[in-house]
Every structure is written in structure tokens, then in C-alpha cells.
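Let me begin by presenting the structure, written as C-alpha cells, before commenting on it.
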Amino acid sequence: MMRIRPALLLAASLLLHIPEAAAMSPLPFFQRVERVGLLCAVDADGGPVPDLGDEALCGRAAAVLSGLLASGPAVAALSPNDARIADPGTLLLLVHATLRPEGGKRLLALAATLQRSGSAAGAPFFMTPPQALALSGSLDESLLDSTLRRLLDPLAKALRANP
């Protein structure tokens with residue numbers, strides 16, 4: 001009968017848990033986040049859009065992210081000169097919407113960039129590919145919320161994994 005040495009058994013056990021530990025390793029960028037501050041901008045070809053503006057987009061994005069986090073850092077829409085933007089406890093979420101006419105419809109593309117004061121010389125941290133939504137009439141809020149969930153879910157997961 002073959003006998004397995006305890007040291008070999010321990011080493012094998014540790015190797016089996018390395019991928020799990022690496023997947024849950026904390027990322028400093030997402031640690032000690034006290035709040036997520038949102039700044040939003042809507043770039044619409046042909047002028048402002050009555051059903052989607054900067055404030056409306058930020059309100060929807062804040063509601064969606066708050067729902068995804070359930071418990072965690074506070075989520076708030078910020079104004080451009082808000083002092084909390086430079087606070088090291090703030091993770092700044094920049095949401096940009098681009099609305100363009102496309103074959104009789106409108107195409108809404110959403111992108112998000114993260115920034116944090118004091119992180120790697122202020123370099124942005126890109127999180128997910130842009131999400132797009134084709135609009136045939138007025139903006140359907142449930143479709144917008146679904147698109148925002150796809151865009152913001154990776155951020156919510158990162159915040160939950162990095163206390």
C-alpha cells in the first residue's frame with residue numbers, strides 16, 4: 001500500500017486552492033471605497049434629447065448600481081465641482097452616453113470609466129466594453145436599466161470582492 005507523505009499532501013492541498021485564492025485577491029484600486037460618485041454626460045447628435053439628459057442618466061445609473069450592490073459603499077450622483085471627487089475614499093464612475101441616428105432609429109452607446117484620486121497618477125481604470133441599445137421611439141427605462149446593469153455589474157462584483 002502506498003503511503004502519502006503529509007508534506008506532499010499539504011503541498012497538493014495548497015496547489016488546489018491557489019486559483020481560488022488568486023481569484024479573490026484584493027485589488028488595491030477597489031479597496032476602502034467609502035462611496036461611488038457618478039458623473040454623467042450625454043452626447044446627442046442633433047442637440048439635447050428630452051428623454052435622456054446628464055442628470056437623468058446619473059439618476060438611473062445610481063439606482064441600478066445601488067441595487068446591484070445591495071450593501072456596500074454609498075452611491076451618489078455628483079456635480080462637476082464636488083469636493084468628494086478628489087477624496088481618496090471616492091471611486092469616481094464616469095458614465096458617458098452617445099446617442100446617434102442609425103437607419104431611422106437612434107443608437108444609444110453607454111461606456112463607463114473609473115478613476116480614483118491617488119491611484120497610479122490618476123490613470124483611468126477601464127472596466128467593461130461599451131453597451132449599446134437601439135431606440136425606435138422614446139427611451140424605454142426598463143431597457144436602459146438592463147443595459148446599465150450589464151455595464152455596471154462587473155464594478156459591483158469588484159466592490160463586493162474587495163472590502
Side-chain angles (χ1 to χ4, degrees), residues 23-102 104-163:
M24 295 304 291
S25 293
L27 188 57
F29 188 87
F30 293 106
Q31 291 179 345
R32 293 180 293 283
V33 172
E34 297 170 15
R35 78 194 60 76
V36 178
L38 282 89
L39 289 177
C40 302
V42 177
D43 176 22
D45 192 13
V49 180
D51 50 357
L52 185 68
D54 298 355
E55 288 180 23
L57 177 61
C58 264
R60 299 301 311 170
V64 166
L65 185 56
S66 292
L68 289 170
L69 286 175
S71 64
V75 178
L78 303 177
S79 60
N81 293 320
D82 194 309
R84 293 174 290 181
I85 292 170
D87 187 309
T90 299
L91 176 61
L92 187 59
L93 173 61
L94 307 166
V95 179
H96 189 259
T98 304
L99 191 61
R100 298 285 184 261
E102 182 72 33
K105 296 182 179 184
R106 296 181 298 168
L107 184 64
L108 176 65
L110 295 169
T113 305
L114 300 173
Q115 290 187 325
R116 190 147 182 212
S117 181
S119 69
F125 186 92
F126 300 97
M127 58 178 207
T128 59
Q131 300 293 316
L133 174 63
L135 306 172
S136 55
S138 63
L139 181 64
D140 179 341
E141 289 186 3
S142 66
L143 287 176
L144 176 60
D145 287 353
S146 174
T147 305
L148 284 166
R149 268 192 295 284
R150 283 193 313 272
L151 183 71
L152 301 176
D153 187 54
L155 170 60
K157 286 178 182 174
L159 287 170
R160 287 191 304 263
N162 293 281

Heavy atoms of Ala132 and Leu107 approach each other most closely as CB-CD1, 4.1 Å
Nearest-0.5 Å distance that lies between atom CG in Leu38 and atom CG in Leu152: 7.5 Å
Closest heavy-atom pair, Leu159 versus Pro73, reported as atoms and distance to 0.1 Å, is CD1-CG, 4.3 Å
Would you give the length of the straight line joining atom CG of Leu143 to atom CG of Leu148, rounded to the nearest 0.5 angstrom? 11.0 Å
Nearest-0.5 Å distance that lies between atom CG in Leu69 and atom NZ in Lys157: 12.5 Å
Within the distance-only criterion (no hydrogens, no angle test), does the side chain of Arg116 pair as donor or acceptor with the backbone N or O of Leu92 below 3.5 angstrom? no
Val36 and Leu114, any side-chain heavy atoms less than 4.5 Å apart: no
Please identify which of these residues, Asp82, Leu93, Thr113, Ile85, meets the side-chain contact (heavy atoms from CB on, under 4.5 Å) condition with Leu39. Ile85
Could you give the distance from CG (Leu78) to SG (Cys40), rounded to the nearest 0.5 Å? 9.5 Å
Judged by atom type as modelled, is there a donor-acceptor pair below 3.5 Å linking the side chain of Ser66 to the main-chain atoms of Ala62? yes
Locate the shortest heavy-atom distance separating Ala97 from Leu52; write the atom from each residue and the value. CB-CD2, 4.5 Å
Tell me if a side-chain donor or acceptor on Ser117 pairs with a main-chain N or O of Ala86 at a distance below 3.5 Å. yes
When rounded to the nearest 0.5 Å, the distance separating OG of Ser71 from CZ of Arg160 is 9.0 Å
Are Val64 and Leu68 close enough that some pair of their side-chain heavy atoms sits under 4.5 Å apart? yes
Which of these passes side-chain contact (heavy atoms from CB on, under 4.5 Å) with Val42: Leu57, Val95, Leu110? Leu57
On a heavy-atom basis, the closest approach of Leu108 and Leu135 is CB-CD1, 4.3 Å
Using only heavy-atom distances, determine whether the side chains of Thr90 and Arg35 contain a donor-acceptor pair under 3.5 Å. yes
Would you say Arg106 and Arg100 make side-chain contact, with heavy atoms under 4.5 Å? no
Working to the nearest 0.5 angstrom, can you tell me the gap between Leu133 CG and Lys105 NZ? 10.5 Å
Evaluate whether atom CD of Glu34 has more than 12 neighbouring non-hydrogen atoms of other residues, nucleotides or ligands under 6.0 angstrom away. yes
